[in-house]
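Let me begin by presenting the structure, written as structure tokens, before commenting on it.
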2 protein chains.
Amino acid sequence: MQELKNFIKNTIEFSEQSWGILQNCISEKEFKKNETLLKEGQVCNAVYFVGSGFCKAVFNMDGKEVNTAFYFENSFVTNVKSLTTSSKSEYSIVACEKTKTVQFDKTRLLAAYAESHEIASFGRKILELVTASQEEHSNSFKLQTPRQRFDNLVSNHPDILQRVSLTQLASYLGVSRETLSRFRAVK
Amino acid sequence: MQELKNFIKNTIEFSEQSWGILQNCISEKEFKKNETLLKEGQVCNAVYFVGSGFCKAVFNMDGKEVNTAFYFENSFVTNVKSLTTSSKSEYSIVACEKTKTVQFDKTRLLAAYAESHEIASFGRKILELVTASQEEHSNSFKLQTPRQRFDNLVSNHPDILQRVSLTQLASYLGVSRETLSRFRAVK
DNA sequence: TTGATCCTGTGACAATTGTCACAAAATTCA
DNA sequence: TGAATTTTGTGACAATTGTCACAGGATCAA
């Protein structure tokens, strides 16, 4: 919760009054390793702020898991499409470690938007952040070769390498485990 | 403009009053073929609603153009990251045909959010739509082979095939022009 | 500690896609 | 219209990545 307060303080204007209203929308939730924040097929009705630990987005492609995203400390996780259109999620969101989050309830948050412009701005900000990080990873697929994606990850997000298994990392980069293993061998 | 009115009518609750406020934020803009809505290196300060025609997002990779998105009638175009963080755009947005748009001015729109919750909701809705379509294309790269991407495009968005040149389509699908040509040959 | 299980490294080979070169077809514009 | 330009099709070959198989290590629980 403290992490969230700090995050908000550093991100936008936020009055005590807005914080009071926001209180009604949020609750602390802790997930054990491999616990599910959102299960494939269910409708997403919350946004999570990751205070500690981290999560992944996992598609199940005919039994094979594909990791399309990781969410570390001080970032927001949700399935925007499922959340905003009340459609079934095509993927699951799973804790990779013991993960402490603050859960934002969708319905209450929407109500809070009407009570406080600051909260409404904060809601937009969340969406903007999720979109921006999604776009970054997306463009790496559209503009770079697998090898370039790997090299850039090494330079720009070395933290990910240390926390994620090779197998998970491979599917995140869109290459086979073996190919990733060779990328690491041939530096 | 009529297209935008219809779009709003079909999308959300919107009072006459909100429409009046929104008027101050928008203006009709028409672009000729190959004219630029947003140039690489500039800061994006508007969102465009495409009424007719269509546009593309183009990265310049060492002189080689890569098309990462197309925006057709009744959709919104903007660079979310540049718009929301006032950072320089990494790509350009260019009209592919004579394109009629409605331009939403960023500063005025932000001001309007404070005056009308409906407009604030509409602003979120725009962001959600942009995010969702971005995510769809993004996931096709993360989950499918080039061949599958092509086949799905043929089934799900045959309209694109008819309006976009092979060269542009190839970079959109992330394959070489020659490979795409062969995909089409071997049905 | 000791299996049992999961994760990783690596060789051999197959499949896919890219690159280059050039011809044919389509489009544009004066 | 007709020449110039751009776009597309295709063959040959190279490069990249995937798949399969198996061995060695690491990890975890009893």
Side-chain angles (χ1 to χ4, degrees), chain A residues 32-35 53-54 56 58-68 70 94-98 137 140-154 158 160-187, chain B residues 31-35 53-54 56 58-68 70 94-99 137 140-154 158 160-187:
Chain A
K32 293 176 199 159
K33 184 174 176 175
N34 293 324
E35 268 193 310
F54 73 104
K56 60 179 177 180
V58 200
F59 280 77
N60 190 318
M61 301 300 282
D62 319 311
K64 212 167 209 173
E65 288 198 346
V66 182
N67 303 124
T68 55
F70 292 106
V94 178
C96 297
E97 302 175 347
K98 179 173 133 183
H137 189 230
S140 75
F141 274 78
K142 296 178 187 175
L143 304 173
Q144 300 169 359
T145 64
R147 177 78 222 208
Q148 289 175 319
R149 284 201 288 282
F150 171 74
D151 290 340
N152 282 339
L153 195 74
V154 170
I160 298 187
L161 303 212
Q162 283 154 3
R163 299 177 72 177
V164 170
S165 79
L166 188 75
T167 307
Q168 290 180 336
L169 191 65
S171 81
Y172 177 69
L173 288 172
V175 296
S176 70
R177 188 183 58 73
E178 293 89 339
T179 298
L180 178 57
S181 183
R182 285 171 195 128
F183 285 169
R184 297 212 299 191
V186 186
K187 290 205 175 177
Chain B
F31 297 90
K32 293 176 199 159
K33 184 173 177 177
N34 294 322
E35 267 194 309
F54 74 103
K56 60 179 178 180
V58 200
F59 280 77
N60 190 320
M61 303 298 283
D62 317 311
K64 212 169 208 171
E65 287 199 346
V66 181
N67 303 125
T68 56
F70 292 106
V94 177
C96 297
E97 302 175 347
K98 179 173 135 182
T99 299
H137 190 229
S140 75
F141 274 78
K142 296 177 185 174
L143 304 173
Q144 301 169 357
T145 63
R147 178 76 220 210
Q148 289 174 318
R149 283 201 288 283
F150 171 73
D151 289 340
N152 283 338
L153 195 74
V154 171
I160 298 187
L161 304 213
Q162 283 155 0
R163 298 178 71 178
V164 171
S165 78
L166 187 76
T167 306
Q168 290 181 335
L169 191 65
S171 83
Y172 177 70
L173 288 171
V175 297
S176 70
R177 188 183 57 75
E178 294 87 340
T179 297
L180 179 56
S181 183
R182 283 170 196 127
F183 285 171
R184 298 211 297 190
V186 188
K187 291 208 171 173

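Residue numbers start from 1 in every chain, and the chains themselves are labelled A, B, ... in the order their sequence lines are given, proteins ahead of strands.
The side chain of A:S181 has C:dT10 as its nearest neighbour among C:dT28, C:dT10, D:dT10. You'll find that the side chain of A:S165 is closest to C:dT8, out of C:dT8, D:dT8, C:dT28. For B:L166, the side-chain atoms get nearest to D:dG9 when compared with the rest of D:dT17, D:dG9, C:dG18. With D:dT17, D:dT10, D:dT19 as the choices, the nucleotide that has an atom nearest any side-chain atom of A:E178 turns out to be D:dT19. Comparing D:dT7, C:dT8, D:dG18 against the side chain of B:T167 picks out D:dT7 as the nearest.
Counting to the nearest Å, the C1' atom of D:dG18 and the CG atom of A:L173 are 15 Å from each other. Between the C1' atom of D:dT27 and the CG atom of A:N34 lies a distance of 14 Å, rounded to the nearest Å. Taking atom CG of B:L180 as the reference point, atom P of C:dT19 lies 14 Å away to the nearest angstrom. Nucleotide C:dT27 holds its P atom 16 Å from the CZ atom of B:R163, rounded to whole Å. Separating the CD atom of A:Q168 from the P atom of C:dT8 is a distance of 9 Å, rounded to the nearest angstrom. As a whole-Å value, the separation of B:Q148 CD from D:dG18 C1' is 14 Å. In this structure, A:R149 places its CZ atom 15 Å from P of D:dT16, rounding to the nearest Å. For A:F141 and C:dT17, the CZ to P distance is 15 Å, given to the nearest whole Å.
Distance alone, capped at 3.5 Å, is enough to place a donor-acceptor pair between the B:H137 side chain and the B:Y172 backbone. Between the side chain of B:T99 and the backbone N or O of B:F31 there is no donor-acceptor pair closer than 3.5 Å. At least one donor-acceptor pair closer than 3.5 Å links the side chain of A:R149 to the backbone N or O of A:Q144.
Contact check, A:R184 against C:dG9: a side-chain N or O comes under 4.0 Å of OP1 or OP2. Residue B:S176 places none of its side-chain N or O atoms closer than 4.0 Å to OP1 or OP2 of C:dT19.
When each of B:P146 and B:R177 is assigned the nucleotide of DNA chain C with its nearest heavy atom, B:P146 is the one assigned upstream, toward the 5' end.
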Next item on the list: Show your working on side chain to side chain contact (heavy atoms under 4.5 Å, CB included) between A:F54 and A:V164 and close with a plain yes or no.
Entry: CA-CA 10 Å; A:F54 73 104; A:V164 170; 3.9 Å; yes
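Residues satisfying the salt bridge (Lys or Arg N to Asp or Glu O under 4.0 Å) criterion with B:E35, sequence neighbours excluded, are absent altogether.
One donor-acceptor pair, N or O on each side, does fall under 3.5 Å between the base of D:dG11 and the side chain of B:R182.
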